[in-house]
Number of protein chains: 2
Amino acid sequence: MIFTWVAIVLQAWEGKLRGLGYRVTAPRRAVLRALARAHRPLSVAELHKRGRAQYACLGLVTVYRTLQMLERVGLARRIHAGGACRSFVASTPGHSHTITCEHCEKTAEFDGDDVCLLPAGLEERTGYRVSGHWLQLVGVCRSCRASGD
Amino acid sequence: MIFTWVAIVLQAWEGKLRGLGYRVTAPRRAVLRALARAHRPLSVAELHKRGRAQYACLGLVTVYRTLQMLERVGLARRIHAGGACRSFVASTPGHSHTITCEHCEKTAEFDGDDVCLLPAGLEERTGYRVSGHWLQLVGVCRSCRASGD
DNA sequence: TGGTAACTGAAAGTGATTTTCACTTGGGTC
DNA sequence: GACCCAAGTGAAAATCACTTTCAGTTACCA
Ligand SMILES: [Mn+2]
Ligand SMILES: [Mn+2]
Ligand SMILES: [Zn+2]
Ligand SMILES: [Zn+2]
């Protein structure tokens, strides 16, 4: 039996959900798999379509509910693009950020914190004590650079 | 005649719009004023309500259209909060960021660039060349700190 | 003081998301 | 393996967040 990367990730996710008291159901598996296979942020409608390839009667409402749950436990992350936050990528729990290719939308996650590295004197200048941040990067991925932008 | 800060800002904004070829109309003034007086991000519906205090028959559609225009010229900025990007604050044109108080939502703008200050080696680690970023900070403002969080 | 393109609000249209509810099912219990 | 039942599900309807259309109004320039 051959395990793909996606299969391994799905195993881990299902274990995590079970550990948190969530049931692992066929509809949820279909959403999880669609999310794990994607290389770019997908809208709810896209995830619904892809999820149906695995589980034909998957309901759109279930996709919404599953994404909400995955976001809550840190396995999915909402991506801001085009003035809205309507697409999702797989994610690892904990603090991290994403960078999305402006050509192909391929999205990667990275950590290693950063905004401790803010403008010196920001707290003095603004009067705010910084307690958190939200950051998303845009860039050009390696393969898009190779193929001439 | 006494000029408030809001009145001065509005003068400047109206001049800027005129300079760009936009007409300065009563509905637009009402939206501008609602935005200039706010200390926190406001939803379109909130701006509509506040705008009506000044111009009673202000249409919701005009609020949408005015915000779109203000965003285009850099005088308004969409704020990401609570999984959506549906509220707006006044803004100055050019690259800058905001910090929002987690208690009272009061929002300030700051510049001085930052994300040149990203994790060292990010481009090598991820393979992406960074070309842009979206950053919003959360914190506690001075007055909320003073009044015991 | 017109003339007119820009602008406006109401109403209708659209797409995204949430709510409701009767039915199904995962996973623990015996 | 059969049973139980709270958790989960999908269809339909309701709600929300815009966007489009269109007939009228108005800012601003000649
Ligand atoms: Mn960070
Ligand atoms: Mn910046
Ligand atoms: Zn790319
Ligand atoms: Zn505050």
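First the proteins, then the strands, lettered A, B, ... as listed; each starts at 1.
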Whole-Å gap separating [atom2] ([N]) and [atom1] ([X]):
{"X": "A:R78", "N": "C:dT17", "atom1": "CZ", "atom2": "P", "result": "7 Å"}
{"X": "B:Y22", "N": "C:dC7", "atom1": "OH", "atom2": "C1'", "result": "13 Å"}
{"X": "B:K49", "N": "D:dA17", "atom1": "NZ", "atom2": "C1'", "result": "17 Å"}
{"X": "A:M69", "N": "C:dG26", "atom1": "CE", "atom2": "C1'", "result": "13 Å"}
{"X": "A:L60", "N": "C:dT18", "atom1": "CG", "atom2": "P", "result": "10 Å"}
{"X": "A:L58", "N": "D:dA11", "atom1": "CG", "atom2": "C1'", "result": "13 Å"}
{"X": "B:R28", "N": "D:dA27", "atom1": "CZ", "atom2": "C1'", "result": "10 Å"}
{"X": "B:R29", "N": "C:dA6", "atom1": "CZ", "atom2": "P", "result": "20 Å"}

| query | Under 6.0 Å from the CZ atom of B:R40, do we count more than 12 heavy atoms belonging to anything else shown? | reply | yes
To the nearest 0.5 Å, atom CZ of B:R23 lies from atom CD of B:E14 at 15.0 Å
Between [X] and [N], is there a contact of a side-chain N or O with OP1 or OP2 at under 4.0 Å?
{"X": "A:R86", "N": "C:dA16", "value": "no"}
{"X": "A:R65", "N": "D:dG8", "value": "no"}
{"X": "A:T25", "N": "D:dA7", "value": "no"}

Nearest heavy-atom approach of B:C85 to B:H80 is SG-ND1, 3.4 Å
- prompt: Does B:R23 get its side chain close enough to the base of C:dA5, under 3.5 Å, for a donor-acceptor pair?
  reply: yes
Picking from C:dA10, C:dT8, C:dT19, the nucleotide nearest the side-chain atoms of A:V61 would be C:dT19
Regarding the side chain of A:P27, the nearest nucleotide among D:dT19, D:dA11, D:dT9 is D:dT9
Which atom pairs, one a donor and one an acceptor, fall under 3.5 Å between side chains of residues 64-71 of chain B and the rest of the protein, sequence neighbours left out?
from  : atom 1 : to    : atom 2 : distance (Å)
B:T66 : OG1    : B:T62 : O      : 2.7
B:E71 : OE2    : B:R78 : NE     : 3.4

State whether a side-chain donor-acceptor pair under 3.5 Å links B:S91 with B:E109.
-> yes
For A:V24, which contact category applies under a 4.0 Å heavy-atom criterion: base, sugar-phosphate, or nothing?
sugar-phosphate
Closest to the 5' end of DNA chain D, once B:Q68 and B:R18 are matched to their nearest nucleotides, is B:Q68
DNA chain C nearest-nucleotide lookup for A:A45 and A:Y55: closer to the 5′ end is A:A45
